[in-house]
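Below is one structure; the comments refer to it alone.
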Protein chains: 4
Amino acid sequence: MAKPLNIGMIGYGFMGRTHSNAYRNVNNFFDCQYHPVLKACCGRHEEKVQAFAERWGYESYETDWRKLVARSDIDVIDIGTPNNTHQEIAIAAAEAGKMVLCEKPLAMNVAEGEAMCAAVEKAGVANMVWFNYRRVPAIALAKQLVDEGRIGRPYHYRATYLQDWTIAEDVPQGGAALWRLDAKAAGSGVTGNLLAHSIDSAEWLNGPIARVNAYTETFVKQRQHQETGQLEPVEIDDACMFLAVFQNGSMGTFESTRYARGRKNYNTLELNGEAGSVFFDLEDPHRLQYFQYADPKTGNKVESHITGWGSIHVTNAEHPYMDHWWVPGCTIGYEHTFINALADFLEGLETGQPVQPDFRCALRTQKVCDAVLESARCGQWVEL
Amino acid sequence: MAKPLNIGMIGYGFMGRTHSNAYRNVNNFFDCQYHPVLKACCGRHEEKVQAFAERWGYESYETDWRKLVARSDIDVIDIGTPNNTHQEIAIAAAEAGKMVLCEKPLAMNVAEGEAMCAAVEKAGVANMVWFNYRRVPAIALAKQLVDEGRIGRPYHYRATYLQDWTIAEDVPQGGAALWRLDAKAAGSGVTGNLLAHSIDSAEWLNGPIARVNAYTETFVKQRQHQETGQLEPVEIDDACMFLAVFQNGSMGTFESTRYARGRKNYNTLELNGEAGSVFFDLEDPHRLQYFQYADPKTGNKVESHITGWGSIHVTNAEHPYMDHWWVPGCTIGYEHTFINALADFLEGLETGQPVQPDFRCALRTQKVCDAVLESARCGQWVEL
Amino acid sequence: MAKPLNIGMIGYGFMGRTHSNAYRNVNNFFDCQYHPVLKACCGRHEEKVQAFAERWGYESYETDWRKLVARSDIDVIDIGTPNNTHQEIAIAAAEAGKMVLCEKPLAMNVAEGEAMCAAVEKAGVANMVWFNYRRVPAIALAKQLVDEGRIGRPYHYRATYLQDWTIAEDVPQGGAALWRLDAKAAGSGVTGNLLAHSIDSAEWLNGPIARVNAYTETFVKQRQHQETGQLEPVEIDDACMFLAVFQNGSMGTFESTRYARGRKNYNTLELNGEAGSVFFDLEDPHRLQYFQYADPKTGNKVESHITGWGSIHVTNAEHPYMDHWWVPGCTIGYEHTFINALADFLEGLETGQPVQPDFRCALRTQKVCDAVLESARCGQWVEL
Amino acid sequence: MAKPLNIGMIGYGFMGRTHSNAYRNVNNFFDCQYHPVLKACCGRHEEKVQAFAERWGYESYETDWRKLVARSDIDVIDIGTPNNTHQEIAIAAAEAGKMVLCEKPLAMNVAEGEAMCAAVEKAGVANMVWFNYRRVPAIALAKQLVDEGRIGRPYHYRATYLQDWTIAEDVPQGGAALWRLDAKAAGSGVTGNLLAHSIDSAEWLNGPIARVNAYTETFVKQRQHQETGQLEPVEIDDACMFLAVFQNGSMGTFESTRYARGRKNYNTLELNGEAGSVFFDLEDPHRLQYFQYADPKTGNKVESHITGWGSIHVTNAEHPYMDHWWVPGCTIGYEHTFINALADFLEGLETGQPVQPDFRCALRTQKVCDAVLESARCGQWVEL
């Protein structure tokens with residue numbers, strides 16, 4: 001029997017859309033006991049939130065998130081608002097006994113994140129942070145290969161997350177659409193927005209980072225504020241690069257920017273180990289590159305004349321999540337990472353096995369982000 | 001104001017799923033006047049069709065398509081059943097005044113297709129065949145480049161549609177899941193199933209084919225029938241290759257098979273012209289390769305030292321359909337080609353401009369398929 | 001002890017250069033008993049042949065090939081002249097007891113080729129045709145994989161050889177540089193020039209072709225002759241495509257053109273079999289794509305979640321020829337295929353094991369070319 | 001008239017071979033006044049150096065480099081020996097009035113390099129360091145695109161040089177073949193051997209580096225010495241990664257290792273600027289990836305729907321060096337970078353325009369290498 005799960009979605013921007021789409025579609029593809037119900041969405045501009053509710057089929061809407069949190073017909077509060085609002089909403093929701101789903105990054109900083117963890121853990125409510133890229137089937141497959149021993153002793157990890165959409169100096173900052181460029185709303189620039197993804201993936205695949213050494217840059221020093229029309233200093237990091245050492249002794253390089261002309265969504269990761277390597281690029285999300293040097297079951301080396309980077313088209317029924325979708329050879333897209341994540345969350349509710357990354361797990365990424373920004377400020381290695 | 005459009009979906013297999021998904025999602029992404037309503041689905045096995053109705057949210061179901069066609073609350077009959085049923089259903093639906101959407105290929109042969117065209121045209125009902133790959137943004141972009149004069153005088157067209165899922169001799173034929181291997185249900189093998197796509201794309205991009213010379217093969221001569229358990233002769237074409245000459249004088253090669261080990265959904269097309277070339281591969285559906293030799297506006301050649309095949313990541317807002325989806329750099333998947341097609345159909349209803357390919361247009365592809373099979377039988381060039 | 005092998009090179013164009021380069025370098029990389037000595041080169045224009053001799057270090061030159069053939073200090077006659085001269089020179093050289101190396105295609109047609117085979121066989125002289133692409137390490141590796149049973153039962157072969165350098169109508173025909181566009185000198189167009197390579201590779205990898213069905217086209221109908229300045233009809237095939245059936249029952253598609261905008265030297269081959277597939281593209285000559293489905297030693301299937309096309313960087317010491325060159329990861333280029341071929345020829349002299357393809361073997365390719373051209377003329381399948 | 005240039009080659013290992021090959025071939029492809037003559041080679045093991053002389057056609061050999069330097073029939077001393085010998089030989093050669101060519105890296109450290117620069121400059125002799133990768137046509141094309149203004153204001157530079165050949169713990173260190181693993185002979189590990197290339201390319205393309213922050217690691221702590229058989233500590237850096245800031249304000253990441261499983265010779269570089277980007281990978285050396293955003297002549301943006309990374313097959317006659325080689329579409333290999341470099345050196349002798357990088361220029365790379373190693377030691381940013 002289907003159990004309804006009443007959703008209260010806060011925020012109707014880009015992430016409001018991806019989450020709503022997940023709620024609407026998950027049960028068509030995954031056999032979950034829990035069936036999300038689009039109970040209410042919430043946003044400050046009534047006209048816009050009403051239009052959003054109509055488009056996505058929400059039964060009602062609110063313009064004050066506190067009212068939403070207070071509603072007894074809501075089971076889950078989903079936070080898709082700018083970063084500077086996460087803490088307050090999440091804590092209120094937890095205190096109201098709601099499950100809490102939160103967009104990444106978890107918070108503005110570690111202190112906020114700690115408070116949020118404390119709140120959900122005290123309340124004992126299910127919680128998850130939407131690090132959706134763990135649910136790209138190819139990245140999940142990379143994790144599976146790691147767990148199968150196919151990488152072996154790790155030596156190197158490298159990650160980039162490159163975009164190019166803020167090169168033009170006339171891109172404004174702030175406002176509803178461009179709060180990601182406004183340090184007051186976003187906390188940081190590419191570090192919290194993009195590197196948080198890279199760090200989450202890295203620690204999932206290769207374990208904890210032990211220390212970092214970072215450098216950040218703001219290429220465009222001032223931009224017009226979208227709402228005030230004033231030219232204001234840009235306070236976010238336009239670009240960030242850092243060296244890392246993992247606890248397992250492997251070395252890592254990380255870089256993110258919105259100034260890499262030609263790179264649209266170039267979220268790449270590579271892990272090199274004694275037995276094999278993997279490479280992934282989000283611009284070709286349905287492929288995983290895998291270099292097999294040795295077979296973990298037999299320990300035998302692949303014959304030298306046939307070694308090569310294999311391009312795995314991650315659309316077989318045996319691949320993570322793919323048995324829920326179409327037929328082998330048919331790709332899924334960006335939005336499906338949210339549906340897959342939601343399915344995992346719903347399954348976690350059934351099994352009682354909390355889905356990862358929960359707030360506590362995401363706090364770890366927050367710590368690395370904070371360490372990165374601190375290192376960039378002080379020019380020193382920072383330990384974690 | 002939204003105008004409801006009541007859908008009667010016949011068939012609940014692979015295509016039943018892709019179409020239902022399109023109906024459920026189109027209005028979240030496209031601002032169409034018409035809003036499909038999942039009124040009823042239809043299939044012969046009551047238990048299965050009921051489960052399908054529940055999963056996808058159909059208001060009702062039928063086990064006899066004639067009843068569905070007779071229902072006054074149905075506006076559109078969508079045919080997602082095996083090929084040998086298309087004609088009868090489509091004609092009945094048209095005679096009942098329903099709009100008719102039909103999976104490809106249109107029919108078992110040209111004679112059936114002619115009758116179907118006559119029926120929908122006599123009834124004056126909107127109709128479309130789901131050649132969904134025209135709605136892959138990258139293929140639509142290829143069409144745009146052709147229309148912009150970026151290819152210029154065409155010399156060569158080449159298409160392959162390669163898969164590998166029937167190599168094992170123990171894959172059975174027939175039954176609900178594997179009717180595509182049963183000549184009685186499918187009419188032909190790869191020709192109608194896969195080459196129909198290639199031909200539709202080819203004529204859309206490069207105009208009518210004038211004559212063909214084909215060869216077909218059936219590698220596995222007998223397979224167990226899934227329902228009877230009997231070993232029966234395989235009567236479909238496992239593989240088909242043909243030469244073509246287009247009316248515009250360009251040359252074409254076409255090949256399809258389900259025996260190309262390692263090719264999952266390798267639907268490729270390439271068009272070479274005096275001013276430029278394009279290449280597409282459905283296994284990387286979000287990319288279009290474009291070689292620009294000359295600029296159609298100025299006629300100037302690109303400087304020789306920078307010419308090269310450009311890999312266009314077809315996810316910019318300026319690309320076909322993509323402004324309806326997410327943000328630049330975010331890919332869509334296989335299923336979205338159906339949603340895009342449906343959006344075009346709904347827009348056609350609004351504007352009164354019939355969407356293509358309609359039955360008459362798809363009949364053309366049927367003619368080429370028939371000519372291909374005839375050529376394979378007689379070993380001669382066949383004129384169209 | 002090094003045994004000198006006195007070379008008489010006829011022709012100083014493109015192939016004169018590649019062969020001369022091979023003679024000059026082979027002993028630096030291969031430990032062959034035989035050491036080619038650049039004894040004499042030959043060409044009709046004294047000034048040019050003298051300059052060529054100086055540049056490449058030939059000890060002498062001739063302007064009449066009959067004189068060269070008559071010289072007692074010449075061991076090997078190497079024919080790098082237009083196709084319409086091969087027969088006469090080769091037969092004279094064989095009759096003079098010289099070893100004969102000949103550029104491909106062997107001859108203008110099968111009748112000429114038969115006479116050439118008869119001559120070298122009667123004379124008992126070593127002979128080879130320079131189908132240099134067999135000596136691309138990646139293609140040689142493909143052959144090795146076939147021989148190791150890694151492809152298994154073959155289903156499909158497909159080959160293209162695409163270029164784009166004759167699209168412009170003002171490219172002249174004829175003369176020293178452009179005799180390949182002159183049917184009187186070349187015999188045919190892309191069929192003899194490019195498809196001969198594709199056919200040689202195909203039969204080497206996949207066995208004899210049983211029958212073909214072809215179509216040719218000449219897009220530019222007349223071109224200025226380079227020497228006369230007159231506009232003359234173009235009599236070569238600008239493009240040729242054909243279907244093939246191999247004796248082993250597998251199907252083949254072949255296509256060649258000089259009108260595929262953006263394709264420079266796009267000589268590709270793909271072989272799909274039950275156990276695996278290979279793909280090669282001469283524009284990336286140091287890579288072989290290999291899809292492994294099953295291991296020929298154990299018969300075990302590769303686990304489904306890690307199957308993929310592997311890109312083998314064919315630069316390991318274990319790869320064909322590569323232990324003679326640099327270190328793993330360092331590529332070789334186009335010219336090395338000639339050096340590798342020459343090394344094989346020299347080794348054949350040592351071992352007495354005739355190197356392939358010799359004239360008899362190359363005659364086979366000639367037969368297929370003739371059948372292709374005949375099929376194109378008559379529009380019918382032609383048996384071999 | 002050809003002017004002979006008498007070469008005295010010291011070292012007969014990997015680099016002895018590549019240089020000798022360049023001397024033997026350069027005049028067949030480049031019309032240089034100067035013609036290198038293989039006068040003498042030099043090495044300590046008489047048997048080996050004699051064999052080397054025979055194989056490559058040196059007229060004589062020496063076993064003491066001082067004797068070679070003292071010979072009056074030598075014009076050029078070419079140093080292809082381990083790094084710890086460069087200084088002494090180069091200074092002696094300069095003092096003897098010889099031109100000096102030296103393998104990279106220039107020296108063991110900046111102090112040595114300074115002395116070497118002083119020596120050649122005082123002697124006024126032509127000098128060059130073999131940073132051969134500047135002569136990869138694709139990298140030279142990247143430089144040309146920079147100079148044409150196609151990159152515009154630079155934001156990011158990233159370089160990797162990844163190999164995997166020292167992962168196995170039983171690879172020995174030291175001796176003739178493996179001196180690169182011996183800190184006493186090599187000075188450093190990947191920093192001097194591989195990153196020196198990356199740094200030379202980076203500063204050539206993007207100007208001087210202002211400061212660096214580095215980390216190095218030695219994964220295998222002890223290895224058997226090839227000559228002594230003793231297990232000895234490994235003192236080189238197995239891997240090195242560093243952050244850089246260029247004087248022009250752009251950011252750089254650099255990484256090199258011999259522990260990146262599956263990467264054979266993965267020397268990549270990417271430069272992102274406002275107007276465009278380039279990417280290069282030495283494993284596909286004949287291609288340059290170029291993303292054109294704006295045209296430097298007109299300043300116009302490329303139309304958004306056709307932007308993409310273009311893969312330039314750097315084999316056109318218009319591409320750097322390529323008019324000297326074969327025909328468009330035919331690739332050259334690793335060894336040709338040395339021939340191209342030598343041709344530039346010879347041309348510099350003709351024109352009196354010193355070829356780059358000369359010793360002074362290469363000293364700059366040495367400075368960056370030293371700064372990188374110092375930063376790795378102290379864990380701080382180091383200014384240049």
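Convention: sequence-line order gives letters A, B, ...; per-chain numbering from 1.
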Interchain contact, [X] with chain A, by part (heavy-atom threshold 4.5 Å):
X: A168(D); answer: neither
X: R153(D); answer: side chain
X: A294(D); answer: neither
X: F242(D); answer: backbone
X: Q380(D); answer: side chain
X: R211(D); answer: side chain
X: L162(D); answer: side chain

So ring pair (Phe, Tyr, Trp, His ring centres under 6.0 Å) across residues 137-167 of chain A, not counting sequence neighbours, yields Y155(A)-F219(D), Y155(A)-Y259(D), H156(A)-F219(D), Y157(A)-F246(A), Y157(A)-F254(A)
Looking only at heavy atoms and a cut-off of under 4.5 Å, which of [options] has the most pairs with chain A?
options: S277(D), G249(D), S250(D), G308(D); value: S277(D)
options: G262(D), G273(D), A214(D); value: G262(D)
options: F279(D), W309(D), W381(D); value: W309(D)

Is atom [atom1] of [X] surrounded by more than 12 heavy atoms (other residues, nucleotides or ligands) closer than 6.0 Å?
X: Q247(D); atom1: CD; result: yes
X: Q222(D); atom1: CD; result: yes
X: K301(D); atom1: NZ; result: no

Please give me the minimum heavy-atom distance between N272(A) and A260(D), naming the atom from each residue.
OD1-CB, 3.4 Å
Nearest heavy atoms of M251(A) and C240(D), plus distance in Å
CE-N, 4.1 Å
I'd like to know if E255(D) pairs up with R158(A) as an ion pair, taking the criterion as any Lys NZ or Arg NE/NH1/NH2 lying under 4.0 Å from an Asp or Glu carboxylate oxygen.
yes
Between the side chains of E270(D) and R263(A), is the shortest nitrogen-to-carboxylate-oxygen separation below 4.0 Å, so that they form an ion pair?
yes
I need the single residue from T253(D), V245(D), N213(D) that forms a side chain to side chain contact (heavy atoms under 4.5 Å, CB included) with Y215(A). Which is it?
V245(D)
Measure from NZ or CZ of R261(A) to the centre of the six-membered ring of Y293(D), then state whether that distance is under 6.0 Å and the direction lies within 45° of the axis.
yes
Leading residue by heavy atom contact count with chain D [cutoff under 4.5 Å; candidates T160(A), T257(A), L243(A)]
L243(A)
What distance separates I167(A) CD1 from E274(D) CD, expressed to the nearest 0.5 Å?
7.0 Å
